[in-house]
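What follows is a short report on a single structure.
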Amino acid sequence: MRVLFLHPNFPAQYRHVATVLGHDPKNQVVFGTKNERPEWKIPGVKKALFNPSRDPHPGTHHYVRPLESAVLYGQAVFRMADQLKEQDFVPDVICGHSGWGPTLFVKDAFPGVPLLCYFEWFYHAYGSDANFDPSDPLSIDDVARIRIKNAPILVDLYSCDWGLSPTYWQRSQFPPEFQSKISVMHDGVDTDYFKPNPGAKLVLPNLDLSHVDELVTYVARGMEPYRGFPEFIESVAYIQERRPNCHVVVVGSDRVCYGKSLPDGKSYKEHMLEKVPLDLSRVHFVGALPYGQYLKVIQASQAHIYLTRPFVLSWSMIESLSTGCLVIGSDTQPVREVIEHGKNGLLADFFSPKEIADRVDEVMDHPDRMAELRKNARETVLERYALKDLVFRHVQLIEDVANGVLSSQEFKVS
């Protein structure tokens, strides 16, 4: 089977399935990407680069600028496709991430080749992430901009042969008339790697917390309101007041990945540390970590706080559950799909730092009661999100799309 993957970043969500397909010598696998990442190679997978000819024009209306960018990406992929055809590569199936634009014209570049789109998110002004925080109301400008942001995704929904979304919550955001051709299948977590290490103590190259008995952790790509960073910092103030021996480790970059930046140019970390007095000798900002060190953090954690608006669910939450970590999650739709309060984790009001701190007290004060929740957390991932099971289901879905065997009935994965 000849497979073409399309994603601006390499290898992104396709890392594991591309690895399995590339391992089979019967397959020919090409990964079209804008970000080559020469340090990362997958055996049996050839990279093909596409680069937009220019950036969106600064004079383009700001509602339309993302669409112009998507068109430029689509054009770049069209040119890349011509190069692949000159090398006698015509795929049997194309797998592409929808939104940035690489998939926009690929059905025209390779007529008749089925397209499987990865649908991560459909934008709404109301009812999910955008209007979640009552202190940050939307303007009419925001509402109009968000509607137009879906334009390239709508083109993909219409033109793709099949779609894939990682959670039921995420699929539910897409227009109902298209949901019947979107399978729900998580990317999967390597449960052999993300596994419990009972009694683990945290020692990193520049941080030794082996003497610490109470460790609270927080992980996010960026320190931003979308992942509840302000509420988390406010909860740390309560935690420190109540628990003088508790240390907190924060993994992530001091940047905004999702949502708005502060108008004064400060980062949310700077803003919150000015606003909330903390004992910084017990709060450790370790930045973004390589997987091995990140794993040590969540294995050593007594309580892991994961907060998110009703938005895309982070891999880190399920990876934490896989280690048997006690996750205190926000009581929001994407988290509730995975965590049942009091069974495999704990939930708290996203906007209540005090309730988040109460949950930390509950974990620290009742370790015996929490042991069952930790066990159930691990079992949840083994049953529903284990990579060793899901990666072959992904391969089967790709083969089914290539062979045209799917109908408009929902694809069953369990």
message: Ignoring hydrogens and geometry beyond distance, is a side-chain donor-acceptor pair present between Y306 and S320 at under 3.5 Å?
response: no
query: So with a 6.0 Å cut-off around CZ of R37, is the heavy-atom count from everything else above 12?
result: yes
query: Are the side chains of E274 and K266 in touch, meaning some heavy atoms are under 4.5 Å apart?
result: yes
- prompt: Is any side-chain N of the basic residue among D213 and K201 closer than 4.0 Å to the acidic one's carboxylate O?
  reply: yes
- prompt: Would you call the rings of F31 and Y14 parallel, tilted or perpendicular if under 30° counts as parallel and over 60° as perpendicular?
  reply: perpendicular
message: Counting C-beta onward and ignoring hydrogens, is there a side-chain heavy-atom pair between V248 and R243 closer than 4.5 Å?
response: no
task: Verify whether the ring centers belonging to F132 and F351 lie closer than 6.0 Å.
output: yes
field: Salt-bridge criterion met for R79 and D82 (N-O under 4.0 Å)
entry: no
message: In the structure I gave you, are the side-chain heavy atoms of S53 and L72 within less than 4.5 Å of one another anywhere?
response: yes
- prompt: Which residues pass the side-chain hydrogen bond (donor to acceptor under 3.5 Å, both in side chains) test with N150, sequence neighbours left out?
  reply: none
- prompt: Crowded around K47 NZ? As in, over 12 foreign heavy atoms under 6.0 Å?
  reply: yes
field: Partner set under side-chain hydrogen bond (donor to acceptor under 3.5 Å, both in side chains) for Y226, not counting sequence neighbours
entry: D129
field: Salt bridge flag under 4.0 Å for residues K260 and D142
entry: yes
- prompt: Can you name the residues that form a side-chain hydrogen bond (donor to acceptor under 3.5 Å, both in side chains) with D254, not counting sequence neighbours?
  reply: S267
message: Tell me whether D161 is salt-bridged to K107, with the criterion being a basic N under 4.0 Å from an acidic carboxylate O.
response: yes
message: Please tell me whether T33 and N35 have a donor and an acceptor in their side chains that are separated by less than 3.5 angstrom.
response: no
message: Show the nearest heavy-atom pair for residues Q240 and D279, with the distance to one decimal.
response: OE1-N, 2.8 Å
- prompt: Can you tell me if CZ on F178 sees more than 12 non-hydrogen neighbours from other groups inside 6.0 Å?
  reply: yes
query: Quick one: ring-ring contact (aromatic ring centres under 6.0 Å, His included) partners of H57, sequence neighbours excluded?
result: none
- prompt: Around atom CG of L280, are there more than 12 heavy atoms of other residues, nucleotides or ligands at under 6.0 Å?
  reply: yes
message: Below 30° counts as parallel, above 60° as perpendicular, anything between as tilted: where do the rings of W121 and W169 land?
response: tilted
field: Lys/Arg N to Asp/Glu carboxylate O, R242 vs D358, below 4.0 Å
entry: yes
- line: Hits for ring-ring contact (aromatic ring centres under 6.0 Å, His included) against F174, two or more places apart or cross-chain, chain-then-number order -> F119, F122
query: Got C160 and K181 here, is their nearest side-chain heavy-atom distance under 4.5 Å?
result: yes
field: Between F229 and Y268, ring centroids under 6.0 Å
entry: no
message: I'd like to know if E68 and R54 make a salt bridge, using a cut-off of under 4.0 Å between side-chain N and carboxylate O.
response: yes
- prompt: Restricting to pairs with a member in residues 286-296, which pass side chain to side chain donor-acceptor pair (under 3.5 Å), not counting sequence neighbours?
  reply: Y294-E319
